[in-house]
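All remarks here apply to the structure that follows.
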Amino acid sequence: MVVKVYGSVKAACPQRVLACLLEKGVEFEIVQVDLDEGEHKRPEFLLRQPFGQVPVIEDGDFKLFESRAIIRYYAAKYANQGPNLLGNTLEEKALVDQWLEVEAHNFNDLAFNLVLQLVILPRMGQRSDTALVHNLEQKLEAVLNIYEQRLSKSNYLAGDSFTLADLSHLPALRYLMNEAGMAHLVTQRKHVNAWWDKISSRPAWKKLASLAH
Amino acid sequence: MTTLIKLYGAPVSTCTARVMTCLHEKAVDFALVPVDLFSCEHKQPPFLAKNPFGQIPVLEDGDLTLFESRAMTAYVAEKFKEAGTDLIRHHDLKEAALVKVWIEVESQQFHPAIAPIVYEYFVAPIQGKSPDQGVIDANLEKLSKVLDVYEAKLSSAKYLAGDFYSLADLHHLPYTYYFMKTPCASIISERAHVKAWWEDISSRPAFNKVSEGMNFGEK
C-alpha cells in the first residue's frame with residue numbers, strides 16, 4: 001500500500017517526511033496541497049489536520065500529522081529495512097531523541113524565522129526586519145557553535161551513524177544555505193561543514209532535492 | 001544492581017517537573033540534585049559539560065547523560081515500560097504513533113503559545129520587569145486557537161491520544177499548572193472538555209507530588 005503524503009515537495013516539513021521514506025525505501029505518493037492558495041486552511045483540509053498544516057500522511061486507514069511523529073513511526077515500523085535511523089540500544093535511542101528535541105527546540109525556530117525573514121516575506125512583497133535577522137543569526141551562530149563542539153567528538157549528532165536527528169535538520173539547513181544566503185553559518189565551521197557534506201550527499205536526500213528544486 | 005537515576009534541576013522548573021512527574025508515574029526512584037538558577041549555575045562550565053545549551057534538567061543514568069526533558073521522559077517511559085502506568089502504549093505500534101503525534105502537538109503548537117505567557121507572569125517579575133501585555137495578548141490568541149482544536153478532540157476521547165492517559169497528556173502538566181494561576185486561566189475553564197481533561201490529569205497523584213514544589217512563593 002502506497003503511503004499518501006499531503007503537502008508540497010518544496011515545503012520543509014513534508015521534506016522531512018519524504019527524506020525518511022526515501023531512506024527507508026517506502027513507496028509514497030505526494031498529494032499536492034496548494035499552500036499559496038491557502039488550501040491547508042480550508043475546512044476540508046482541517047478535517048485531515050486540525051492545525052491547518054502540512055504534512056499529513058495516510059497509510060491505508062491510518063492517518064498521522066506532525067512530521068517528527070511521522071518519521072519516528074516509519075523509522076520504527078521499518079526498523080529492519082534500509083538504514084537504522086533510530087539507534088539500537090535504549091541509550092542510543094535516547095540520544096537520537098535528545099538531538100531531535102534539540103532540532104525542534106533550539107534550532108528550528110531560529111532557522112525557520114531566518115528563512116521567513118530572508119526568503120518568504122520578500123517573495124510576498126513584504127520587507128524583512130534587519131535587526132531581527134541580525135539577532136536570529138547571532139543566536140543561531142551560538143547554537144551551531146555547540147553543534148561544532150559535538151561534531152568534533154562524533155561523526156553524527158547522536159553518535160557514529162546517521163539517524164533521524166541528522167535527517168531532521170536537512171530541509172531547513174538546505175533553505176538556509178541556498179535561498180537564504182546563510183551558507184557561511186555552516187561552511188565556517190569545520191565539523192558542521194563536514195557533517196553537512198555527508199548528510200546532504202546521501203542518495204535519498206539528493207533524490208528529494210532533485211524532485212523539489 | 002541498578003544505579004539511582006540523578007536528575008539535575010529545580011522543583012519550580014517546568015521542564016524539571018515534566019521529568020519528575022514521569023518518574024513518579026513509573027514509580028522509579030531518583031535523586032533530585034538542585035541546580036542554583038539564581039546564581040546561574042546552569043550557565044557555567046561544570047554544568048555546561050552536562051548540557052552545552054545551559055538548560056535544566058539533565059538526567060544521569062549510569063553512563064548515560066541526557067538533556068531535553070521530552071527525550072528524558074521518552075527514555076524513562078521506554079526503559080521502565082513494564083512498570084507503573086503505560087505512558088507510551090508500547091504493545092501497539094499505531095497507538096504508540098498517536099501518542100507521538102500529540103507529543104509533537106504539545107511541543108510544536110501548545111508550548112510555543114503558553115510558554116511566553118507563563119514567562120511574562122512568573123519569570124519577568126523576578127527579573128524586575130512587568131508582564132508585557134502585548135506578548136500575553138498575542139500568545140493568548142494563538143493558545144485559544146490551539147485549545148479550540150483540543151476541545152474538539154477531547155469531545156470524542158477522554159485523553160489526547162485516545163481513551164488512555166499517556167505521555168502526550170503528561171507533557172502539558174507543568175506549564176498549564178502555572179498558567180492556571182494567571183488571570184488568563186479562563187480560556188481553559190471555559191472549554192468544557194479541556195477543563196474536564198485538565199482536572200483529571202492534574203489530580204493524578206504522580207503530579208501532585210511534583211506540584212507541591214512548584215511555587216515561587218506567590219499565593
Side-chain angles (χ1 to χ4, degrees), chain A residues 13 16 41 46-47 49-53 56-57 59-79 86-87 89-109 112-113 139 142-143 145-150 153 158 165, chain B residues 15 48-49 51-55 58-59 61-81 88 90 92-113 115 142 145-153 156 161 168 171:
Chain A
C13 296
R16 183 177 282 119
K41 303 292 179 190
L46 291 174
L47 290 173
Q49 213 283 21
F51 298 96
Q53 295 171 330
V56 177
I57 63 100
D59 192 342
D61 284 338
F62 188 54
K63 301 178 210 298
L64 289 178
F65 53 87
E66 288 295 338
S67 61
R68 294 171 190 81
I70 296 169
I71 61 177
R72 282 174 161 122
Y73 170 66
Y74 281 105
K77 183 176 181 185
Y78 294 104
L86 282 175
T89 63
L90 186 58
E91 290 74 19
E92 285 171 8
K93 288 178 184 180
L95 290 172
V96 175
D97 265 336
Q98 176 184 278
W99 287 96
L100 260 168
E101 290 301 313
V102 166
E103 183 274 323
H105 291 282
N106 287 294
F107 174 85
N108 189 58
D109 266 356
F112 172 81
N113 280 300
K139 286 182 179 165
V143 168
N145 287 342
I146 297 170
Y147 280 47
E148 180 65 9
Q149 197 189 75
R150 172 63 184 165
K153 292 181 226 151
Chain B
C15 297
L48 290 174
N51 183 353
F53 294 95
Q55 294 168 325
V58 165
L59 182 147
D61 188 5
D63 286 337
L64 178 69
T65 300
L66 290 178
F67 48 89
E68 291 298 329
S69 63
R70 295 174 189 80
M72 289 173 217
T73 56
Y75 170 71
V76 169
E78 176 65 36
K79 182 174 181 177
F80 300 100
K81 60 189 175 196
I88 53 174
H90 59 277
D92 185 321
L93 189 61
K94 287 183 179 176
E95 281 187 359
L98 292 172
V99 173
K100 286 176 182 144
V101 167
W102 290 91
I103 284 176
E104 288 303 311
V105 168
E106 183 276 327
S107 171
Q108 298 292 315
Q109 318 281 356
F110 182 86
H111 177 86
K142 283 186 198 167
K145 291 189 179 142
V146 171
L147 290 175
D148 284 340
V149 176
Y150 279 35
E151 181 65 13
K153 184 73 171 80
S156 61
H171 281 179

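The chains referred to below are lettered A, B, ... by the order of the sequence lines, with proteins before strands, and numbering in each begins at 1.
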Select one option (side chain, backbone, both, neither) describing which atoms of [X] are under 4.5 Å from chain B's heavy atoms.
X	answer
Tyr74(A)	neither
Leu90(A)	both
Lys63(A)	backbone
Phe65(A)	both

Given a strict heavy-atom distance threshold of 4.5 Å, which part of [X] is in contact with chain A: side chain, backbone, both, or neither?
X	result
Leu64(B)	side chain
Ser69(B)	neither
Val146(B)	both
Val101(B)	both

Most contacts with chain B, counted as non-hydrogen pairs under 4.5 angstrom, among Val102(A), Leu95(A), Val143(A):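 Maximum pair count with chain B is reached by Val102(A).
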With sequence neighbours excluded, what pairs up with Gln53(A) under the side chain to side chain contact (heavy atoms under 4.5 Å, CB included) test?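 With sequence neighbours excluded, Gln53(A) shows a side chain to side chain contact (heavy atoms under 4.5 Å, CB included) to Gln49(A), Phe51(A), Glu66(A), Gln109(B), given in chain and number order.
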Qualifying salt bridge (Lys or Arg N to Asp or Glu O under 4.0 Å) pairs, either residue in residues 94-105 of chain B, two or more places apart: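 For residues 94-105 of chain B: Arg72(A)-Glu104(B), Arg89(B)-Glu95(B).
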Test item: side-chain donor near acceptor, Asp59(A) and Tyr73(A), under 3.5 Å: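 Per modelled atom types, Asp59(A) and Tyr73(A) side chains form no pair under 3.5 Å.
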Check this for me: Lys142(B), atom NZ, are more than 12 non-hydrogen atoms of other residues, nucleotides or ligands nearer than 6.0 Å?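 No, NZ of Lys142(B) has 12 or fewer neighbouring heavy atoms, counting only those of other groups under 6.0 Å.
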Inspect the surroundings of NZ in Lys77(A) and state if more than 12 heavy atoms from other residues, nucleotides or ligands are less than 6.0 Å away.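 Yes, enclosed.
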What distance separates Asp97(A) CG from Leu86(A) CG, expressed to the nearest 0.5 Å?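 Answer rounded to 0.5 Å: 8.5 Å.
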Take Trp102(B) and Tyr150(B), measure what side chain to side chain contact (heavy atoms under 4.5 Å, CB included) needs, and give me the verdict at the end. CA-CA 10 Å; Trp102(B) 290 91; Tyr150(B) 279 35; 3.9 Å; yes
